[in-house]
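Down below is the structure, laid out as structure tokens.
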2 protein chains.
Amino acid sequence: MTHLYEFARPALTVDIVVFGLDEEDLQVMLIQRDLAPFEGGWALPGGFVRVDETLDDAARRELVEETGLKDIYLEQLYTFGAVERDPRERVVTVAYYALVNLEGHHVQASTDARNAAWFPVSDLPELAFDHQAILDAAHERLRGKVRYQPIGFELLPERFTLRQLQHMYEVILDRELDKRNFRKKVLAMEIVKETKEIEKDVAHRAARLYRFDKRTYDRLTKQGFNFEI
Amino acid sequence: MTHLYEFARPALTVDIVVFGLDEEDLQVMLIQRDLAPFEGGWALPGGFVRVDETLDDAARRELVEETGLKDIYLEQLYTFGAVERDPRERVVTVAYYALVNLEGHHVQASTDARNAAWFPVSDLPELAFDHQAILDAAHERLRGKVRYQPIGFELLPERFTLRQLQHMYEVILDRELDKRNFRKKVLAMEIVKETKEIEKDVAHRAARLYRFDKRTYDRLTKQGFNFEI
DNA sequence: CCAAAAGTGTTTGTCCTACACCCATGT
DNA sequence: ACATGGGTGTAGGACAAACACTTTTGG
């Protein structure tokens, strides 16, 4: 292959911050490294970008390879290019964040070769490279974006109660919301639709289940509607 | 140098969308290419990232080299990684956008070797590579961000009239604003301060000049204040 | 004195906030 | 029957929108 310039090239990787939500906390998926540097330490899933795949493809491929997760919400976050961020050589990384619904299978979601696990964002181990900074950036982006884009639904099961929805916002925004006002606001926007189903196996009155109506959201958005919590 | 992996590496560049504002329009700085491909065509300023500089450094260096602009507002936008975006070989580019105050010297800001010029965003020539898509992304980011971060001031001179400020928002947001409500809102936030100076050389009543008070903005922000237009 | 833009107040409606009680269900 | 969370209404205040005239200055 001919090169366009004579200089040494930075290597290019992708790293992904995968967020999940359980009844308590916002969680992040980490991988235990099996190679130096930081051998045995925890890091974000990620890896090198191949010359024949897009950045999004690379992120999706690494996610499947390292965590088994596929078909989840994924969005590019920021590209980190500090010169010494990898002690071996110059590596620029395109960071992504992903949102996934944990449902039941929280706490430990390990896969094939490597050890993968969920950690609460509020209580993380020390991370390799500059991955803590990447995670902080992802967390901040999530906090900012969740308020004016309906991405929070990606963290919930397809059918959810209004309390689950409220809890999701409370965890991400890190403040309490008024139950009555929250319900009024959500139901006033017509994008969360009631279903006929109700919660199961709870030791009290069962809550109605709702779903996010993407079709209505898209229609309203085209008409100038702006989602906001 | 030892390489971490055997695969071919994508090349890495930065490209910068420089916005300026005059009395009429939002403008973008373009460079006329002197090499194939797209020889003679117009493109965003940019170039290869060196192995010993950060991405921000690369963007600033290219800006100085190709347009002469320095010490201006610069922010990373998005990283574009389509496989065929450069016909020669795989090139991933980290896009930035920059904001600059045109003051008097609009229209033609050419430099040393290359030909650089301002074009109104609403009437652009055909651009090389995927630069139109990059520009569109930058434009959309600017539209979104200008409403809740005080970055619009970067497009104005240090002392400006409230009409200039309003005009800046009208051009970027592409809608008219009510003069009285706009003034009330801006002056109610205490971050735009009156100066003792007034406009000069106008054939009618001269307007008072104002300045953005970053110190007050930072203080209020720390107290939970959220800028919004 | 005329043209051109600067500068200013009030009313109306909407939306956000704060707040407390009854309801349905499982044990 | 009781414990647990589900579900609802209202009043007050703050803010956004709509709207027109007077003032200042230069030519």
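Chain A is the first sequence line, chain B the second, and so forth, proteins listed ahead of strands; every chain is numbered from 1.
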**Prompt:** Among all residues two or more places apart in sequence or in another chain, which pass the side chain to side chain donor-acceptor pair (under 3.5 Å) test with A:Glu24?
**Reply:**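 For A:Glu24, no residue satisfies side chain to side chain donor-acceptor pair (under 3.5 Å) once neighbours in sequence are set aside.
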
**Test side chain to side chain donor-acceptor pair (under 3.5 Å) applied to A:Glu197 - qualifying residues, sequence neighbours left out** =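 Per chain and number, A:Glu197 pairs via side chain to side chain donor-acceptor pair (under 3.5 Å) with A:Arg159.
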
**Asked** Less than 4.5 Å apart, any side-chain heavy atom of B:Val92 and any of B:Thr13?
**Response**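 No. Closest side-chain heavy atoms not under 4.5 Å.
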
Could you give the [atom1]-to-[atom2] distance, from [X] to [N], as a whole number of Å?
X: B:Asn226; N: D:dA14; atom1: CG; atom2: C1'; value: 17 Å
X: A:Leu187; N: D:dG6; atom1: CG; atom2: C1'; value: 13 Å
X: B:Ile229; N: D:dC15; atom1: CD1; atom2: P; value: 15 Å
X: B:Glu228; N: C:dC16; atom1: CD; atom2: P; value: 12 Å
X: B:Phe160; N: C:dA5; atom1: CZ; atom2: P; value: 20 Å

**Asked** Can you name the salt bridge (charged side-chain N to carboxylate O under 4.0 Å, His left out) partners of B:Glu140, sequence neighbours left out?
**Response**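 In terms of salt bridge (charged side-chain N to carboxylate O under 4.0 Å, His left out), with neighbours along the sequence ignored, B:Glu140 is linked to no residue.
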
**Asked** For B:Lys185, what residues pass the salt bridge (charged side-chain N to carboxylate O under 4.0 Å, His left out) criterion, not counting sequence neighbours?
**Response**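 Listed in chain order: nothing, the list is empty.
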
**Prompt:** Hey, can you pull the residues of residues 194-210 of chain A with a non-hydrogen atom under 4.0 angstrom from DNA chain C?
**Reply:**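 DNA chain C contact set from residues 194-210 of chain A: A:Val202, A:Ala203, A:His204, A:Arg205.
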
**Request:** Just jot down the side-chain contact (heavy atoms from CB on, under 4.5 Å) partners of B:Lys214, sequence neighbours excluded, or say none.
**Result:**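 With sequence neighbours excluded, B:Lys214 shows a side-chain contact (heavy atoms from CB on, under 4.5 Å) to B:Phe212, B:Asp218, given in chain and number order.
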
**Request:** List in numerical order all residues of residues 170-185 of chain A for which some heavy atom is under 4.0 Å away from an atom belonging to DNA chain D.
**Result:**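 Heavy-atom contacts with DNA chain D come from A:Lys179, A:Arg180, A:Arg183, A:Lys184.
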
**Message:** A:Phe38: which residues meet the ring-ring contact (aromatic ring centres under 6.0 Å, His included) condition with it, sequence neighbours left out?
**Reply:**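 A:Phe38: ring-ring contact (aromatic ring centres under 6.0 Å, His included) contacts with A:Phe129.
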
Distance-only donor-acceptor hits, side chain of residues 167-183 of chain A, under 3.5 Å, sequence neighbours excluded:
{"residue": "A:His167", "atom": "NE2", "partner": "A:Glu23", "partner atom": "O", "Å": "3.1"}
{"residue": "A:Glu170", "atom": "OE2", "partner": "A:Gln166", "partner atom": "NE2", "Å": "3.1"}
{"residue": "A:Glu170", "atom": "OE2", "partner": "A:Leu177", "partner atom": "N", "Å": "2.8"}
{"residue": "A:Asp178", "atom": "OD1", "partner": "A:Arg180", "partner atom": "N", "Å": "3.1"}
{"residue": "A:Asp178", "atom": "OD1", "partner": "A:Asn181", "partner atom": "N", "Å": "2.9"}
{"residue": "A:Asp178", "atom": "OD1", "partner": "A:Asn181", "partner atom": "ND2", "Å": "3.4"}
{"residue": "A:Asn181", "atom": "OD1", "partner": "A:Lys184", "partner atom": "NZ", "Å": "3.3"}

